[in-house]
Amino acid sequence: SQEEVLSRPGISDSWIVLGQRQTDQDHLLVQRTWLLGRESGASALILDFAPNGRPLPRTLMVGRQIRATLCFFAGAGPQRALLRECTPEEGLAVPQAGPWQDQFARALSVNPWLEEFPVVLTGVRPGSEGLEQEGRLIPYRQPFARQWQLLSLSGGGPVTVFGEWNGRVLRPLTVWTEYGCELLYG
């Protein structure tokens, strides 16, 4: 139960709201919100649900930072968490990339059924088929209808992109440019 999860010790940190995606599943609206701890380096997934026609919570704004304690559901390589003691912080937050390929390999070794992994990529150049990073193409998950929006926001230059990686392709959710942060997926 949620009460049981919230009664566990959590991770207190300043969390960057990396990205958000909404999907329809069997007459239920599902919102996936990814967070990254600035001090801990931990990533977390907040899931919210609402019946079709009902609003989802709008407490977590992409690109912002919150001070919060996150309590994780039990499991192998836990990702899903609940918020406890949440306070918004001022200003736009830009995430820093880590060694995502190593992190993905470690996460997969703990949970071989991992379907999506949060990835922050810095210094990437968007193209029509994927993101170019140091001569390597990171392909988009298809269909990705906003590749041209991503390309125009970058102006052909390097940007920071957050997305969900499945081991083969990336679903870009958010881009940070010198002008701010833009959500790529509703």
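Please read these numbers as outputs of a predicted model, since none were measured by experiment.
No continuous path of ILVMFWY side-chain contacts below 4.5 Å connects Leu35 to Met61, so the two sit in separate hydrophobic clusters. Follow the hydrophobic side-chain contacts under 4.5 Å out from Leu47 and you reach Leu36 in the same cluster. Hydrophobic clustering of Ile, Leu, Val, Met, Phe, Trp and Tyr side chains at less than 4.5 Å, counting indirect connections, keeps Ile46 apart from Leu56. Taken together through direct or relayed side-chain contacts under 4.5 Å among Ile, Leu, Val, Met, Phe, Trp and Tyr, Leu131 and Val169 form parts of separate hydrophobic clusters.
When the side chain to side chain contact (heavy atoms under 4.5 Å, CB included) test is applied to Pro99, the partners found at least two apart in sequence or on another chain are Asp102, Gln103. Considering only residues two or more places apart in sequence or on other chains, Arg106 meets the salt bridge (Lys or Arg N to Asp or Glu O under 4.0 Å) condition with none of them. Under the rule for a side chain to side chain contact (heavy atoms under 4.5 Å, CB included), Ser152 has no partner lying at least two apart in sequence or in another chain. Legend: residues meeting side-chain hydrogen bond (donor to acceptor under 3.5 Å, both in side chains) with Thr174, ordered by chain and number and at least two apart, are absent. With sequence neighbours left out, the side chain to side chain contact (heavy atoms under 4.5 Å, CB included) criterion links Gln101 to Arg136.
Two residues are said to be in side-chain contact when any heavy atoms from C-beta on lie closer than 4.5 Å; Leu29 and Asp24 meet this criterion. Side chains of Asp13 and Leu70 form no contact here, defined as non-hydrogen atoms less than 4.5 Å apart. Contact annotation: the side chain of Gln149 approaches that of Leu184 to within less than 4.5 Å [non-hydrogen atoms, C-beta and beyond].
The shortest heavy-atom contact between Ser12 and Thr69 is OG-OG1, 2.6 Å. Among all heavy-atom pairs drawn from Pro118 and Phe162, the shortest one is CB-CE1, 3.6 Å. Closest approach of Pro126 and Gly157 over heavy atoms only: CD-O, 4.0 Å. Residues Ala81 and Ala44 share a closest heavy-atom pair of CB-CB, 4.1 Å. Pairing each heavy atom of Tyr140 with each of Gly127, the nearest pair is OH-O, 2.9 Å. Val161 and Pro172 make their closest contact through CG1-CB, 4.0 Å (heavy atoms, listed as atom of the first residue, atom of the second, distance).
Note: Glu85 CD to Cys71 SG = 8.0 Å, rounded to the nearest 0.5 Å. Going from atom CG of Leu45 over to atom CZ of Phe72 covers 9.5 Å, rounded to the nearest 0.5 Å. The CD atom of Gln20 sits 7.0 Å away from the CG atom of Leu183 when rounded to the nearest 0.5 Å. Rounded to the nearest 0.5 angstrom, Ile138 CD1 and Leu121 CG are separated by 4.5 Å.
Other residues sharing a hydrophobic cluster with Val5 under the 4.5 Å side-chain heavy-atom criterion for ILVMFWY residues are Leu6, Phe73, Leu82. Other members of the hydrophobic cluster containing Leu151, listed by chain and number, are Trp148; membership follows side-chain contacts under 4.5 Å among ILVMFWY residues, whether direct or relayed.
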Throw together a table of side-chain donor-acceptor distances under 3.5 angstrom for residues 89-96, partners on residues two or more places apart or in other chains.
unit_1, atom_1, unit_2, atom_2, d
Glu89, OE1, Ser14, OG, 3.4
Glu89, OE1, Gln65, NE2, 2.6
Glu89, OE2, Ser14, OG, 3.2

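Each of Leu173, Leu60, Val62 was evaluated against Trp34; a single residue qualifies, Leu173, per the side chain to side chain contact (heavy atoms under 4.5 Å, CB included) test.
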Any chance you could lay out the side chain to side chain contact (heavy atoms under 4.5 Å, CB included) test for Leu114 and Gln79, step after step, and finish with the verdict? CA-CA 10 Å; Leu114 184 65; Gln79 287 184 321; 3.7 Å; yes
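For residues 113-137, the set of pairs meeting the ring-ring contact (aromatic ring centres under 6.0 Å, His included) definition, not counting sequence neighbours, comprises Phe104-Phe117. Applying the side-chain hydrogen bond (donor to acceptor under 3.5 Å, both in side chains) test to pairs two or more places apart or on separate chains, those with a residue in residues 114-131 are Arg21-Glu116, Arg32-Glu116, Glu116-Arg141, Glu116-Arg171. Counting only residues at least two apart or on different chains, the ring-ring contact (aromatic ring centres under 6.0 Å, His included) pairs with a member in residues 80-103 are Trp100-Trp165. Applying the salt bridge (Lys or Arg N to Asp or Glu O under 4.0 Å) test to residues at least two apart or on different chains, the pairs with a partner in residues 34-46 are Glu39-Arg67.
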